Amino acid sequence: MLDPKIVRSNPEEVAELLKKKGYEFPVEQFVALEDQRKELQVQTENLQSERNTRSKSIGKAKAAGEDIQPLLAEVADLGSKLDAAKAGLNECQANLEDLLVGVPNIPDSSVPQGEDEDDNVEVRTWGTPREFDFEPKDHVALGEQDGLLDFETAAKITGSRFSLLKGKLARLHRALTQMMLDTQTAEHGYEEVYVPYMVNSDSLRGTGQLPKFEEDLFKLPFGDRHYYLIPTAEVPVTNIVRDEIVDAAQLPMKFTSHTPCFRSEAGSAGRDTRGMIRQHQFEKVEMVQMVEPSKSWDALEEMTGHAEAILQKLHLPYRVVALCGGDLGFSAAKTYDLEVWLPGQQKYREISSVSNMTDFQARRMQARWRNPETGKPELLHTLNGSGLAVGRTLLAVMENYQTADGKIQIPEALQPYMGGVTEI
RNA sequence: GGAGGGAUGGCUGAGUGGUCGAAAGCACUGGUCUUGAAAACCAGCGGUCCGAGAGGGCCCCAGGGUUCGAAUCCCUGUCCCUCCGCCA
């Protein structure tokens with residue numbers, strides 16, 4: 001959520017900044033609601049003040065043994081007036097809340113202008129795409145030739161957009177996960193956490209998936225409410241600090257977690273239907289940081305490096321792109337995507353996304369730290385990034401490390417995790 | 001699933017329907033003392049909203065209710081703890 005004070009004081013300016021994200025902020029509607037709120041709030045608070053004063057005097061009179069009947073008569077209709085005022089105020093505040101909770105984060109000034117992914121800006125590249133002296137296959141062809149990657153059986157078990165890995169390929173998937181976790185914990189200082197894979201709606205509201213993006217989630221009835229399968233570990237991990245005030249000494253908080261991710265992929269019918277690129281269920285090693293506000297931009301660069309380190313260990317060529325305004329997510333102020341080279345598609349494809357959410361999620365979550373300089377609780381900044389998406393890394397390894405006879409060589413960094421296996 | 005107990009400020013923890021936003025301790029901040037530190041002593045110290053300010057409102061898990069007045073009484077829900085049962 002944006003800071004209501006800032007929105008109130010410069011609604012036009014906020015609207016202008018949000019245009020970069022392709023979002024039209026309803027200035028007039030907001031200002032009208034805000035004016036109404038102010039009036040109703042003052043009115044309600046005056047009535048409350050009056051009730052409090054009078055009730056107190058009744059208490060005093062009673063203690064002094066005086067007759068309180070005349071005083072009771074004076075407050076006779078105060079209650080109903082107050083109820084009416086409160087009801088009006090509540091409704092108005094709910095409307096304002098609904099409006100504000102649907103407004104995306106303001107993009108940072110360094111975010112490139114643009115509408116969609118075609119306008120993203122390449123920041124740097126690493127490595128050189130390998131030259132093949134044969135026609136490289138894509139991961140589907142590679143995996144299906146010996147039945148290690150089996151989409152048909154997965155479809156039988158569940159449906160489309162699920163995958164079944166077998167044997168050494170399943171192990172390679174696990175090896176990647178372990179290598180990523182070990183790197184993030186041992187080399188980059190993250191604390192590993194194991195978290196629930198189902199979350200409540202408060203958590204999703206905190207990180208910004210709700211209320212606007214419910215159709216992207218798997219929703220499970222539970223008693224008289226719902227739980228949701230996590231679309232990313234960002235949700236449970238970031239919500240660790242929801243409704244907390246942490247000491248400055250605890251910052252930065254750096255967590256990493258390996259979880260499955262579940263996405264309904266609503267609205268993506270027909271896109272990336274071949275292979276493991278876009279699945280309802282996939283694994284990811286996530287990095288999350290909670291930092292003091294002045295440090296979040298440095299943290300964004302640092303975290304991007306932490307994701308890059310994995311690709312570098314695997315010697316996978318990639319590029320870093322800065323997302324343009326139109327391609328930025330709802331909660332993000334700035335995002336770098338890492339795109340890995342896929343020989344099967346002759347394209348760079350997203351494999352990680354690292355974002356600074358500034359105080360946007362923290363405000364929704366009321367995640368704060370005590371600033372030693374002011375002694376007051378202030379909002380944290382939150383960041384998250386994939387380090388990395390395991391399924392996509394697996395297929396990147398398959399395609400980049402394939403041999404002419406259809407085998408897959410195991411990158412050196414993974415061999416210790418593969419029990420010495422060097423080729424599949 | 002059954003039977004009980006609980007939820008109060010950053011933390012621990014008192015609390016009578018009426019100056020209770022709330023004792024006390026810890027933590028924190030400032031001061032005295034000290035070469036310095038510790039200890040001791042003194043003082044300060046919840047959050048949030050509206051307001052230029054004065055000031056005012058709200059918040060004792062959440063939502064309802066009773067009442068002139070609720071942290072305190074009643075109802076519903078959530079979470080935690082203990083015991084029994086079941087269980088990977």
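Just so you know, these numbers come straight off a predicted model, no measurement behind them. Residue numbers start from 1 in every chain, and the chains themselves are labelled A, B, ... in the order their sequence lines are given, proteins ahead of strands.
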> Going through the distances and angles, do A/Asp150 and A/Lys166 end up as a salt bridge (charged side-chain N to carboxylate O under 4.0 Å, His left out)?
Replying inline: CA-CA 8 Å; A/Asp150 182 351; A/Lys166 292 186 203 158; 3.6 Å; yes

> In chain order, what residues pass the ring-ring contact (aromatic ring centres under 6.0 Å, His included) check against A/Tyr228, with sequence neighbours excluded?
Replying inline: none

> What is the distance, rounded to the nearest whole Å, between atom CG of A/Asn46 and atom C1' of B/C49?
Replying inline: 14 Å

> Who are the salt bridge (charged side-chain N to carboxylate O under 4.0 Å, His left out) partners of A/Lys376, not counting sequence neighbours?
Replying inline: none

> Is a side-chain N or O of A/Thr158 found less than 3.5 angstrom from the main chain of A/Ala155, in a donor-acceptor match?
Replying inline: no

>> With rounding to the closest Å, how many angstrom separate the P atoms on B/G69 and B/G18?
In response: 14 Å

> Taking NZ, NE, NH1 and NH2 as the nitrogens, is one of them in A/Arg205 or A/Glu214 under 4.0 Å from a carboxylate oxygen of the other?
Replying inline: no

> Looking at residues at least two apart in the chain, or sitting in another chain, which of them share a side-chain contact (heavy atoms from CB on, under 4.5 Å) with A/Asn371?
Replying inline: A/Trp369, A/Glu373, A/Thr374, A/Glu378

>> Output the rounded distance in Å from CD (A/Glu39) to C1' (B/G51).
In response: 16 Å

>> Treating A/Thr185 as the side-chain partner and A/Leu181 as the backbone partner, does any N or O pair qualify as donor plus acceptor under 3.5 Å?
In response: yes

>> What is the distance, to the nearest angstrom, from the CD atom on A/Gln366 to the P atom on B/G47?
In response: 13 Å

Pick out the pairs of N or O atoms, protein on one side and nucleotides 67-72 of chain B on the other, that lie under 3.5 Å.
| unit_1 | atom_1 | unit_2 | atom_2 | d |
| --- | --- | --- | --- | --- |
| B/C68 | O2' | A/Ser55 | OG | 3.3 |
| B/G69 | O4' | A/Ser55 | OG | 3.1 |

> Is the shortest distance from a Lys or Arg side-chain nitrogen in A/Asp272 or A/Arg349 to a carboxylate oxygen in the other one below 4.0 Å?
Replying inline: yes

> Between A/Arg8 and A/Asp3, does at least one N-O distance fall below 4.0 Å, as a salt bridge requires?
Replying inline: no

> Taking any strand in view, what nucleotide pairs with B/G1 in a Watson-Crick or G-U wobble way, both distances under 3.5 Å?
Replying inline: B/C84

>> Between A/Gln41 and A/Glu50, which residue's closest nucleotide on RNA chain B lies nearer the 5′ terminus?
In response: A/Gln41

> In terms of the nearest nucleotide of RNA chain B, which residue is placed more toward the 5' end: A/Ser49 or A/Arg8?
Replying inline: A/Arg8

>> Only pairs with both distances under 3.5 Å count, Watson-Crick or wobble alike; so what is the partner of B/A7 in this structure?
In response: B/U78

> Per the atom types in the model, does the base of B/G56 pair as donor or acceptor with the side chain of A/Glu45 at under 3.5 Å?
Replying inline: yes

>> Counting only heavy atoms and a strict 4.0 angstrom limit, can you tell me which residues of residues 371-382 of chain A come near RNA chain B?
In response: A/Lys376, A/Pro377

>> Work out how far the P atom of B/G44 is from that of B/U34, and round it to whole angstrom.
In response: 24 Å

> If we call it a pair only when both distances are under 3.5 Å in a Watson-Crick or G-U wobble match, what pairs with B/C58?
Replying inline: B/G47

> Short question: side chain of A/Asp337, backbone of A/Val321 - any donor-acceptor pair under 3.5 Å?
Replying inline: no

>> Say we look at B/U16 and B/C73: how far apart would their P atoms be, to the nearest angstrom?
In response: 8 Å

> In whole Å, what is the span from the NZ atom of A/Lys38 to the C1' atom of B/G57?
Replying inline: 15 Å

> Mind checking the P distance from B/C45 to B/G10? Whole angstroms is fine.
Replying inline: 15 Å

>> Quick one about A/Thr207 and A/Gln361 (side-chain donor to acceptor, distance below 3.5 Å, no hydrogens or angles considered), yes or no?
In response: no

> Taking the same atom, C1', in B/C79 and in B/A54, what whole-Å distance lies between them?
Replying inline: 42 Å

> Is it true that A/Lys38 and A/Glu34 have a side-chain N and a carboxylate O under 4.0 angstrom from each other?
Replying inline: no

>> Donor-acceptor pair, distance only, cut-off 3.5 Å: does the side chain of A/His280 make one with the backbone of A/Arg263?
In response: yes

>> Does B/U48 have OP1 or OP2 under 4.0 Å away from a side-chain N or O of A/Arg368?
In response: yes

> What is the pairing partner of B/U67, taking Watson-Crick or G-U wobble pairs with both distances under 3.5 Å in any strand?
Replying inline: none

>> Students often get this wrong, so: under 4.0 angstrom with heavy atoms, is A/Asn52 touching a base, only sugar-phosphate, or nothing?
In response: sugar-phosphate

> Mind checking the C1' distance from B/G15 to B/A70? Whole angstroms is fine.
Replying inline: 14 Å

> How far, in whole Å, is B/G55 from B/A7 if one measures between their P atoms?
Replying inline: 35 Å

>> Counting only Watson-Crick pairs (N1-N3 plus N6-O4 or O6-N4) and G-U wobbles (N1-O2, O6-N3), all under 3.5 Å, who is the partner of B/A40?
In response: B/U32

> Whole-Å distance between B/C11 P and A/Ile245 CD1?
Replying inline: 7 Å

Listing time: all N or O pairs from protein to nucleotides 74-81 of chain B that are below 3.5 Å?
| unit_1 | atom_1 | unit_2 | atom_2 | d |
| --- | --- | --- | --- | --- |
| B/C79 | OP1 | A/Arg225 | NH2 | 3.2 |

> Between A/Leu33 (CG) and B/C50 (C1'), how many Å, whole number?
Replying inline: 17 Å

> Which whole number of Å gives the distance between the C1' atom of B/U72 and that of B/C60?
Replying inline: 10 Å

> Looking at CG of A/Asn105 and CG of A/Asp359, how far apart are the two atoms once the value is rounded to the nearest 0.5 Å?
Replying inline: 7.0 Å

> Between atom CG in A/Leu89 and atom C1' in B/C49, what is the gap in whole Å?
Replying inline: 11 Å

> In whole angstroms, how far is the C1' atom of B/U66 from the CG atom of A/Asp83?
Replying inline: 13 Å

